[in-house]
Undergrad: 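After the structure tokens below, expect a handful of questions from me.
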Protein chains: 2
Amino acid sequence: MIATSEDVARRAGVSRATVSQILNGRGQRFAVETRERVTQAASELEYQPSAAGRTLAKGSSDIVIAVIPYTTFGGNLQDIFQTATEELATRGLTLLLHLATDSTAPLDRVVTGMKPRAVISLTPFSRAELDLLKSRGVLAFDPQSASSKVRTDPNVDIGALQARYLVDRGYESLVFAHLQDARLDPFGEGREEGVRRVCTEHGLPEPMIIRLGIDPDDALAAIDSIKLPGAGVVCYNDDVATALLSAATIRGWKVPDEVGFIGMDHTPLSAVTLPPLSTVGYDQRAAAYNLITAALHGLGESVDDREPMDVKFALVPRGTA
Amino acid sequence: MIATSEDVARRAGVSRATVSQILNGRGQRFAVETRERVTQAASELEYQPSAAGRTLAKGSSDIVIAVIPYTTFGGNLQDIFQTATEELATRGLTLLLHLATDSTAPLDRVVTGMKPRAVISLTPFSRAELDLLKSRGVLAFDPQSASSKVRTDPNVDIGALQARYLVDRGYESLVFAHLQDARLDPFGEGREEGVRRVCTEHGLPEPMIIRLGIDPDDALAAIDSIKLPGAGVVCYNDDVATALLSAATIRGWKVPDEVGFIGMDHTPLSAVTLPPLSTVGYDQRAAAYNLITAALHGLGESVDDREPMDVKFALVPRGTA
DNA sequence: CTGAAAGCGCTTACAG
DNA sequence: CTGAAAGCGCTTACAG
């Protein structure tokens, strides 16, 4: 049914060794005529090498696993991985996605089972994941390893950036709004910490901490728990900000005069709230590009054609603060 | 570094054949004592069988590939695949995700390369995908194959459900709002068709068709292009509905009196718009559950403990129509 | 320039 | 109750 290298060899009248060499780019030393017969036969038979056979022979597969954190999987993440899939494909690598779970056991199964060439993630690996990957001898790449900087939590910077914006706008009493479900809020701690630091820096009182789900009742209760007017709310993401904005509007608070909000993510929907949301954008595409570049480099591929892109967080000042 | 079955065999003082049998559940006929030595040795060595070796020997891997369509990847999809990952893991199957691309070439690489036990998708496979999978001899499962019904496009039903709701509410002039980017709108055609049918049924004029991105200017232009007051807008999804609702509010139209909207997806954010969005919910979790059940059944696993769940589209009447 | 041979880690009849 | 042997599809020195 499915052609093997044996079939190709027979059809081309050569040995399997020859087929393997030629199809894997080590064919320079073969007669042009032979090369052509082989590639011809391969395409006629729609030959696709077996990943299993190849993996076994080489000790590692051509698979790269991207670990997807348990967090909002936005539409643009999809875009990003699609691009990554294509970029890796041109180097003969196959990208497959794996959903992160609480325990690292499934990751272990995947890693030792599939022997991927590398494991990548757009968000920093946890200590446990890093240890696992290391002990299994698998190359791991995350944003931290991609940016040659020291390992620091970028979430602290994000929280600080949001808070500083509010302070600059004159809000003197800050609030940090977490997303209720802790699993969905892997970055909340760092963000909150960033807000705290800014408060300290500016001699402001400690931020008030609230938590809510994306739900009207939650949002109303949260708004009612804040001392208004006068507060500036740093939100975990644009969804949280939208829910709170809506609740504040229902309660009749003037935005941004009596209460301010700043979101995070720069989602498409953040542009169509009333008023449109002030938020922070993060160039995921650039981050992904750099991650892939780092991974390719680490895998010994040439990356001369890939200039590193500048990744930064960009304030998007709009109507809510 | 990484233990092989050879290592386990040596440590347990048995042959590799024995290790294989015992670790794969065919150990009934072995001495209890032997079984224990083997499992003991395996766990001490943190043995994980090599997927490559096993795949080569068995002719098929323990991998199940889920094809993710190029469309909004909502947070709940994440939830669903996480659950599916776990359900499959208990049967020794590993779920990996593959992003659909325009061409089926990458899918082909994955399928013939990895020899997955099955390929599943929460949205119907395209003709091309189906053909490929069939020719490669891979089991394929999608919602259509899971629900024993004839292959019909559920999107037509969804569009019709939305339209009928608006008609029941008294809107006599319907509009269908597509999401601009065609790649993001794989279901638009079917939905539009559903709306058309309802108009015909009720002797109403043909629906007006508009297209917009999730963008304030697009939305304003779209609203301005509709004959108001009096129209009911069937929206591709909740995001489109939110953008239009916002534009209508800016223009001063009364919702739902002068213009009505119904979205689709029942996203968390749809509950916090002003007024909250009328929408249609789809029990993805149930659909996924049935899909997995069908896949397990097709793979010869026992599914006696898995009662099929009822999947339907549920209207969520709220404030916009 | 090309092929024979060994080996990657596993599973599966089969023999005992 | 257990093991020797063959084979899955490939790649990689090595020999010629």
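Chain letters run A, B, ... following the sequence lines, proteins first, then strands; residues in each count from 1. The model shown is predicted, which means the values in this text are computed figures rather than measured ones.
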Undergrad: Which residues satisfy the side-chain hydrogen bond (donor to acceptor under 3.5 Å, both in side chains) test with B:Gln40, sequence neighbours excluded?
TA: B:Glu44

Undergrad: How long is the straight-line distance from OH of B:Tyr289 back to CE of B:Met309, given to the nearest 0.5 Å?
TA: 7.5 Å

Undergrad: List in chain and number order the residues that pass side chain to side chain contact (heavy atoms under 4.5 Å, CB included) with A:Glu36, two or more places apart in sequence or in another chain; answer none if no residue qualifies.
TA: A:Val32

Undergrad: Can you give each donor-acceptor pair under 3.5 Å made by side-chain atoms of residues 89-97 of chain A, sequence neighbours left out, with the distance rounded to 0.1 Å?
TA:
unit_1	atom_1	unit_2	atom_2	d
A:Thr90	OG1	A:Glu87	O	2.7
A:Arg91	NH1	A:Ser302	O	2.7
A:Thr94	OG1	B:Arg109	NH2	2.8

Undergrad: Nucleotide by nucleotide, 5' to 3', does protein get under 4.0 Å of the base (B), only the sugar-phosphate (S), or neither (-) in nucleotides 6-16 of chain D, counting heavy atoms?
TA: -BBBBBB----

Undergrad: Taking side chain to side chain contact (heavy atoms under 4.5 Å, CB included) as the definition, give me every residue that meets it alongside B:Val138, ordered by chain and number, with sequence neighbours left out.
TA: B:Val111, B:Pro116, B:Val119, B:Arg136

Undergrad: Give a yes/no answer on whether the side chain of A:Thr18 brings an N or O atom under 4.0 Å of OP1 or OP2 in C:dG3.
TA: yes

Undergrad: Please enumerate all residues that pass side-chain hydrogen bond (donor to acceptor under 3.5 Å, both in side chains) together with A:Thr85, with sequence neighbours excluded.
TA: none

Undergrad: Tell me, please, which residues at least two apart from A:Ser15 pass side-chain hydrogen bond (donor to acceptor under 3.5 Å, both in side chains).
TA: A:Thr18

Undergrad: Under a 4.0 Å heavy-atom cut-off, which of residues 31-44 of chain B touch DNA chain D?
TA: B:Ala31, B:Thr34

Undergrad: Give DNA chain D the dot-bracket treatment, 5' to 3': Watson-Crick (N1-N3 with N6-O4 or O6-N4) or G-U (N1-O2, O6-N3) under 3.5 Å, [ ] crossing, | other strand.
TA: |||.||||||||.|||

Undergrad: Can you name the side-chain hydrogen bond (donor to acceptor under 3.5 Å, both in side chains) partners of B:Glu33, sequence neighbours left out?
TA: B:Arg37

Undergrad: Indicate every side-chain donor-acceptor pair of residues 48-59 of chain B with a distance under 3.5 Å to a residue at least two apart or in another chain.
TA:
unit_1	atom_1	unit_2	atom_2	d
B:Ser50	OG	B:Ala52	N	3.2
B:Ser50	OG	B:Gly53	N	3.0
B:Arg54	NH1	B:Asp62	OD2	2.6
B:Arg54	NH2	B:Asn24	OD1	2.4
B:Thr55	OG1	B:Ala51	O	2.6

Undergrad: Return the set of residues passing side chain to side chain contact (heavy atoms under 4.5 Å, CB included) with B:Glu129 (not counting sequence neighbours), or none when no residue passes.
TA: B:Val67, B:Ala100, B:Thr104, B:Leu107, B:Phe125, B:Ser126

